[in-house]
Structure formats: structure tokens, C-alpha cells
Participant: 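Can you read through this structure? Questions will come right after.
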Amino acid sequence: MFAGGTARLVISNDGEALLEVTVEPWADLHRLPPNRSCVVVTHSAAADGSWRGTLRGDEPFQVEHRADSVSVWANGVCFHLRDADGRTIVAADRACPARSRPS
């Protein structure tokens with residue numbers, strides 16, 4: 001049984017052009033079409049569900065937004081990028097503590 005924490009961050013593209021979504025520190029690039037959303041899911045391996053933290057401390061995500069792109073720093077040990085229906089788009093989960101359980 002997975003005893004860590006799970007965090008989800010919804011990203012929506014309300015613009016008229018593709019939005020580049022980069023998930024760090026994996027440098028994974030995904031292009032999100034207009035009027036679409038995706039969900040970044042990350043997992044903490046810590047038994048208490050805590051996160052390594054961003055510059056501000058114990059937080060699962062840090063987001064940097066620019067006019068045509070978004071960078072998401074996922075502070076878990078892995079990530080999954082899902083579409084709005086929950087289907088996996090990308091997964092960097094080789095070391096994922098929740099791998100045996102759906103996220």
C-alpha cells in the first residue's frame with residue numbers, strides 16, 4: 001500500500017494557440033491545444049506525505065508562466081501527465097512509489 005502523498009495540478013489552455021507545458025526536472029515537453037486541459041500528478045515517497053518543497057517550502061508544485069508556455073516543477077519523485085478524462089499522456093514513473101496503484 002502506498003503511504004506517501006499525491007498531488008494534482010490542472011493546467012488549462014484558454015488561448016488560441018498551442019501552449020507548451022514543460023514538467024521539470026524531467027524536461028518533458030507537451031503541447032496543449034487550445035481549449036484543452038491536462039493534469040500533472042506527482043507523488044511523494046515520504047511516509048508523512050510531505051514534499052521536498054519549492055523555494056517557499058513544503059509544496060508539491062512550483063509554476064512559472066510565460067506568454068506561450070508553462071513550466072511546472074513537480075516536487076515528487078515521479079510524475080504522470082493526464083488528459084481531462086484521466087488517460088495517461090506521459091509518465092516518468094520508473095521510480096514511482098505509487099506505481100502499483102492508479103493515480
Side-chain angles (χ1 to χ4, degrees):
M1 181 173 171
F2 176 62
T6 298
R8 292 170 181 80
L9 177 69
V10 177
I11 298 173
S12 297
N13 182 359
D14 294 333
E16 297 178 4
L18 288 173
L19 177 68
E20 289 188 351
V21 178
T22 305
V23 182
E24 299 287 4
W26 296 272
D28 180 79
L29 176 65
H30 176 71
R31 289 178 176 85
L32 189 60
N35 301 311
R36 301 288 298 271
S37 296
C38 67
V39 181
V40 180
V41 181
T42 192
H43 302 283
S44 168
D48 65 359
S50 63
W51 305 95
R52 306 184 285 205
T54 62
L55 297 175
R56 297 180 189 244
D58 188 32
E59 300 170 349
F61 299 105
Q62 179 174 326
V63 178
E64 298 170 3
H65 179 263
R66 290 166 295 289
D68 58 352
S69 66
V70 174
S71 294
V72 176
W73 286 85
N75 291 317
V77 295
C78 61
F79 85 93
H80 315 277
L81 189 62
R82 309 270 167 121
D83 66 14
D85 295 322
R87 292 182 297 263
T88 298
I89 299 169
V90 175
D93 64 356
R94 290 167 293 284
C96 188
R99 190 174 189 170
S100 63
R101 154 183 105 91
S103 55

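Along the sequence shown, the residues carry numbers beginning at 1. Predicted model only: the values in this text are computed from it and were never measured.
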Participant: Is a side-chain donor or acceptor of R52 paired with a backbone partner of G76 at a separation under 3.5 angstrom?
Facilitator: yes
Participant: Any side-chain heavy-atom pair from F79 and V72 closer than 4.5 angstrom?
Facilitator: no
Participant: Any donor-acceptor pair under 3.5 Å linking the side chain of T42 with the backbone of C78?
Facilitator: yes
Participant: Looking only at side-chain N and O atoms, does D48 offer a donor or acceptor that is under 3.5 Å from a partner on S50?
Facilitator: yes
Participant: Looking at R31, I'd like to know if its CZ atom is crowded, meaning that more than 12 non-hydrogen atoms belonging to other residues, nucleotides or ligands lie closer than 6.0 Å.
Facilitator: no
Participant: Restricting to non-hydrogen atoms, name the atom on S12 and the atom on S37 that form the minimum distance, rounded to 0.1 Å.
Facilitator: OG-OG, 2.8 Å
Participant: Determine the minimum heavy-atom distance between L81 and C38, stating which atoms define it.
Facilitator: CD1-SG, 3.7 Å
Participant: For the atom pair CD (E24) and CD (E64), what is the distance rounded to the nearest 0.5 Å?
Facilitator: 8.0 Å
Participant: May I ask you to decide if E59's main-chain N or O and N75's side chain share a donor-acceptor pair within less than 3.5 Å?
Facilitator: yes
Participant: I need the single residue from I89, T88, L32, V39 that forms a side chain to side chain contact (heavy atoms under 4.5 Å, CB included) with D83. Which is it?
Facilitator: I89
Participant: Would a hydrophobic clustering, with Ile, Leu, Val, Met, Phe, Trp and Tyr connected at side-chain separations under 4.5 Å, put W73 with V70?
Facilitator: no
Participant: Report the C-alpha separation of L29 and E20 in whole Å, then their side-chain angles, then the decisive distance to 0.1 Å, and conclude whether the side chain to side chain contact (heavy atoms under 4.5 Å, CB included) test is met.
Facilitator: CA-CA 7 Å; L29 176 65; E20 289 188 351; 3.8 Å; yes
Participant: Check whether any side-chain heavy atom of P33 lies under 4.5 Å from a side-chain heavy atom of L18, and answer yes or no.
Facilitator: yes
Participant: With a 4.5 Å cut-off on side-chain heavy atoms, are R8 and P60 touching?
Facilitator: no
Participant: Same cluster or not: V23 versus I11, using hydrophobic residues (I, L, V, M, F, W, Y) connected whenever any side-chain heavy atoms lie under 4.5 Å apart?
Facilitator: yes
Participant: Where do A7 and W51 come nearest, in terms of heavy atoms and distance?
Facilitator: CB-CZ2, 3.7 Å
Participant: Describe, in one word, how the ring planes of H80 and H43 are oriented to each other, choosing from parallel (under 30°), tilted (30 to 60°) and perpendicular (over 60°).
Facilitator: perpendicular
Participant: Between CG of L19 and NE2 of H30, what distance do you get to the nearest 0.5 Å?
Facilitator: 9.5 Å
Participant: Can you name the side-chain hydrogen bond (donor to acceptor under 3.5 Å, both in side chains) partners of D85, sequence neighbours left out?
Facilitator: R87
